[in-house]
Structure formats: C-alpha cells, structure tokens
Amino acid sequence: MKRVDNIGKLRKEWGEKLHLFAYSYVHSAVVAEDLVQDVFLKILEHKINLSEYNNVGSLLYTILRNKCLDYIKHKMVEENHIRDVMDANYLLASKYALEDDSIKIITDNEIHKILRESIATLPDTTREIFILSKFKDKKYQEIADLYGISQRQVEYHIFKAMSMLKEKMGKYYLLVIFFPGLF
C-alpha cells in the first residue's frame, strides 16, 4: 500500500506540471491527462524504485516525453492512413463519375439540341438536302435527281449548310462531319 501512497504523493506534486508539458505537445487536455496517467501506471507496472533516482522530475519528464512522441507518431500514421483512404475514395468516386454514362447522355443530348436548333435555322432547301445527305445516307446524285438539280448544286447546299452550322455550333460541327451517324 505504501507504493500507491507514494504514487499519490508523486501525482499530487508532479501531475499538473506533467499535464502542462504533455498538453503543450498534444494540444488536448484529455489526451494529456491520459498520457500523464500512463506515466504513473508505467512506474507502478514496472515497479520502478523512485528512491534510486536523484532527479525524479527528470525521470517523469523523460517517460512522458516518450509517451508524447509515441502518441504523435501514432497520430501521424492514422492521419496518413485517413488521407490515403480519402484519396483512394476520391479517386474511386472520380472513376465512377467518369465511367457514368449519364454524363455522356447529358452531353450527347446537349449536342443534339444544339444541332437541331442550328439545322432549323438553315434555309429550307439547304436544310432538306443536308438532312438527306448526312442523316439519311443519300448519295449526292440521288438528291440531285430528287430535286431536279445538278450534283454540283447539291454539293453547294451541303457546303453552305456546313458553313452555317460551323458558325452556329462552333467546334461541335466537326461531329457532323466525322460522326454523322451520331445524329
């Protein structure tokens, strides 16, 4: 019982000083208190004979210093793990978002809308010839025969339509040229 009494006296004499020391490094009163308790538990568990030490304060601060270092190192490992998990989750979410077809559908719908609106502004004959050529896969000669015009005039209407679409659609008009099957 004498040993516990000595720890009680030691706690009374050094507890507050040790707590302030720990708090200055861990920035948490609760954690600092736990670390100070660990110091006194270590003394009890290892049956450290304090009478063998000339400077008990130095021993207590050394034990507490090591406890604080262990705590901080552990926190750093936890933080790195949390950051890695957050980074991994962020990357996974980004991957799912990029693979999500709904974004493609929205983009495709917007492009379709721009194309429909742009085509609607074309002059009637130019619009009809353009649609037959690009969306109905009619050959220039077929269109020429249908409208009773020359193949050269069909080419003119297609060129005129593409010029007007380029002006209205910006960079999206290239999709009409290279991927007419999209529309």
Quiz item: Taking C-beta and beyond as the side chain, do Phe135 and Ile119 meet within less than 4.5 Å on heavy atoms?
Solution: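 Heavy-atom side-chain distance check passes, below 4.5 Å.
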Practice problem: Would you check if Lys160 and Pro123 make a side-chain contact, meaning some heavy-atom pair closer than 4.5 Å? | Solution: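 Yes, side chains in contact.
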May I have the list of side-chain donor-acceptor pairs in residues 17-33 shorter than 3.5 Å, sequence neighbours left out?
| from | atom 1 | to | atom 2 | distance (Å) |
| --- | --- | --- | --- | --- |
| His19 | NE2 | Ala29 | O | 3.2 |
| Ser24 | OG | Phe21 | O | 2.6 |
| Ser28 | OG | Val31 | N | 3.3 |
| Glu33 | OE2 | Arg11 | NH2 | 2.2 |

Exercise. Measure across Ile158 and Phe130 and return the closest heavy-atom pair with its distance rounded to 0.1 Å.
Key: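 Shortest heavy-atom contact: CD1-CA, 3.7 Å.
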Quiz item: Between Cys68 and Leu35, what is the shortest heavy-atom contact and its length?
Solution: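 Here Cys68 and Leu35 meet closest at SG-CD1, 3.9 Å.
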Quiz item: Once you round to the nearest 0.5 Å, how far does OG1 of Thr125 lie from CZ of Arg127?
Solution: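 The OG1 atom of Thr125 sits 9.0 Å away from the CZ atom of Arg127.
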Exercise. List for me each residue that meets salt bridge (charged side-chain N to carboxylate O under 4.0 Å, His left out) alongside Arg152, sequence neighbours excluded, and say none if there are none.
Key: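 Salt bridge (charged side-chain N to carboxylate O under 4.0 Å, His left out) list for Arg152, sorted by chain: Glu155.
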Quiz item: For Glu52, which residues count as a salt bridge (charged side-chain N to carboxylate O under 4.0 Å, His left out) partner, sequence neighbours excluded?
Solution: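 Glu52: no salt bridge (charged side-chain N to carboxylate O under 4.0 Å, His left out) contacts found.
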Quiz item: For atom CG of Asn54, is the number of surrounding heavy atoms from other residues, nucleotides or ligands below 6.0 Å larger than 12?
Solution: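 Check fails, neighbour count at 12 or below.
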Exercise. With side-chain hydrogen bond (donor to acceptor under 3.5 Å, both in side chains) as the test, would you mind laying out the steps for His74 and Glu78 before giving the verdict?
Key: CA-CA 6 Å; His74 178 72; Glu78 280 181 353; 2.9 Å; yes
Practice problem: Go through the structure and list residues passing side-chain hydrogen bond (donor to acceptor under 3.5 Å, both in side chains) with Gln37, not counting sequence neighbours. | Solution: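 Here no residue qualifies.
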Quiz item: Who passes side-chain hydrogen bond (donor to acceptor under 3.5 Å, both in side chains) against Gln151, sequence neighbours left out?
Solution: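 Partners of Gln151 by the side-chain hydrogen bond (donor to acceptor under 3.5 Å, both in side chains) criterion come out as none, since no residue qualifies.
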Exercise. Not counting sequence neighbours, list each pair that qualifies as a side chain to side chain donor-acceptor pair (under 3.5 Å) and has a residue in residues 56-67.
Key: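 Output for this query is empty, none listed.
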Self-check item: Between Glu128 and Tyr147: side-chain donor-acceptor atoms closer than 3.5 Å
Solution: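 Short answer, yes.
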